[in-house]
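Each remark here refers to the structure printed beneath this line.
These numbers were taken from a predicted model, which means no experiment stands behind them.
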Amino acid sequence: GLLKVISPHLIHMMGNNAWVAQHYWDYYTFTLDKKFLAERAVPLMEEAATFYEGFLIENEDGFYDITPSNSPENSPLNAEGHRLIPNRHIDTHVNATWEYAAIREMFTNLIEASNTLAINQSKIADWKKVIAKLRPYEINAEGGVREWLVDGFYDNPAHRHLTHMYPIMP
């Protein structure tokens with residue numbers, strides 16, 4: 001519980017709840033331990049779902065925005081390939097692709113887990129509505145997965161990380 005590093009790119013990763021839940025789901029799919037699913041995985045995913053239901057903001061286009069959002073250690077560029085603010089790294093952004101992917105995956109797994117355990121049947125329709133309002137993935141001009149799903153944010157092709165590839169390979 002002691003926060004030793006207060007860098008925004010570590011604090012503002014809103015997809016972390018969903019990402020951690022993926023590890024619980026993976027454990028269940030490997031072991032098929034329904035006790036673990038019922039007592040550990042589903043409660044964690046339910047809490048994450050409650051968080052996202054209150055956190056995600058519906059934009060005028062009908063899709064959810066994630067703000068603050070973060071693509072770790074990366075900063076978007078402008079259309080000319082320069083930093084949005086000259087000589088300045090922007091730690092906190094909006095609509096990082098990996099966070100949409102992790103949240104979509106968590107809700108999908110929660111629905112499957114709920115069906116497996118025959119629970120939460122009254123909530124599944126609402127969770128499917130959340131999934132439907134998560135922004136679809138987009139392809140950038142170079143044919144790769146866009147790192148941010150927002151106009152005016154362009155990918156930095158020289159950056160070394162692959163977080164935005166989460167929709168393809170979690």
Side-chain angles (χ1 to χ4, degrees), residues 7-26 28-30 44-45 48-115 124-170:
S7 176
H9 83 275
L10 298 176
I11 296 172
H12 297 152
M13 291 180 62
M14 297 301 142
N16 279 350
N17 290 337
W19 179 63
V20 169
Q22 176 61 29
H23 298 294
Y24 281 59
W25 178 251
D26 285 346
Y28 165 71
T29 61
F30 183 77
L44 178 78
M45 289 189 279
T50 299
F51 170 77
Y52 291 119
E53 287 171 320
F55 174 76
L56 296 169
I57 301 164
E58 187 173 345
N59 198 325
E60 56 272 356
D61 64 6
F63 289 107
Y64 287 128
D65 282 335
I66 302 174
T67 182
S69 183
N70 186 282
S71 198
E73 301 179 5
N74 203 351
S75 188
L77 302 177
N78 64 22
E80 291 78 38
H82 303 289
R83 292 182 184 235
L84 292 174
I85 300 173
N87 302 314
R88 176 108 194 269
H89 176 82
I90 302 172
D91 287 314
T92 303
H93 321 109
V94 62
N95 297 351
T97 297
W98 90 268
E99 292 186 312
Y100 282 103
I103 293 166
R104 180 176 283 112
E105 180 176 64
M106 189 279 303
F107 275 101
T108 300
N109 294 342
L110 178 55
I111 291 168
E112 186 173 342
S114 295
N115 286 332
I124 289 175
D126 291 334
W127 294 336
K128 287 181 179 181
K129 287 178 188 174
V130 171
I131 293 169
K133 290 184 179 202
L134 294 172
R135 294 186 179 282
Y137 306 126
E138 296 178 14
I139 303 300
N140 64 23
E142 292 77 34
V145 177
R146 280 188 69 189
E147 189 151 4
W148 295 277
L149 301 176
V150 62
D151 291 337
F153 280 26
Y154 293 87
D155 296 342
N156 180 353
H159 197 269
R160 68 192 179 280
H161 83 144
L162 300 172
T163 309
H164 61 292
M165 300 301 285
Y166 192 100
I168 296 170
M169 183 62 173

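Within the 3.5 Å criterion, the main-chain N or O of V94 finds no donor-acceptor partner in the side chain of S69. When atom types are taken as modelled, the side chain of N59 and the backbone of G62 share no donor-acceptor pair closer than 3.5 angstrom.
Atom-to-atom distance recorded for I124:CD1 and L110:CG is 8.0 Å, nearest 0.5 angstrom. Note that CD1 of I66 is 9.0 Å distant from CH2 of W98, once rounded to the nearest 0.5 Å. Between the CE atom of M106 and the CD1 atom of I111 there is a distance of 9.5 Å, given to the nearest 0.5 Å. Going from atom OG1 of T67 over to atom CD1 of I57 covers 6.0 Å, rounded to the nearest 0.5 Å.
Contact between D155 and V145 at its shortest, heavy atoms only, is OD2-O, 3.6 Å. The two residues F55 and P68 have their closest heavy-atom pair at CZ-O, 3.8 Å. For the residue pair A18 and Y52, the shortest heavy atom distance occurs at N-OH, 3.2 Å. In this structure, A96 and S71 approach most closely via the heavy-atom pair CB-N, 4.0 Å. Considering every non-hydrogen atom in both F63 and L134, the closest pair reads CD2-O, 3.7 Å. Shortest non-hydrogen contact noted between E99 and M14 is OE2-N, 2.5 Å.
The ring-ring contact (aromatic ring centres under 6.0 Å, His included) search around Y137 returns none, not counting sequence neighbours. Every side chain to side chain contact (heavy atoms under 4.5 Å, CB included) that V130 has, sequence neighbours left out, goes to E53, L56, Y64, F107.
Side-chain contact between N109 and Y24 is absent, with no heavy atoms from C-beta onward closer than 4.5 Å.
No more than 12 heavy atoms of other residues, nucleotides or ligands shown are found within 6.0 angstrom of CH2 on W19.
D26 and Q22 share a donor-acceptor pair across their side chains, judged by distance under 3.5 Å alone.
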Problem set entry | Stepwise side chain to side chain contact (heavy atoms under 4.5 Å, CB included) check, W25 with E112 | CA-CA 10 Å; W25 178 251; E112 186 173 342; 3.7 Å; yes
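Residue pairs meeting the salt bridge (Lys or Arg N to Asp or Glu O under 4.0 Å) criterion with at least one member in residues 134-143, sequence neighbours excluded, are D61-R135, D65-R135, E138-R146.
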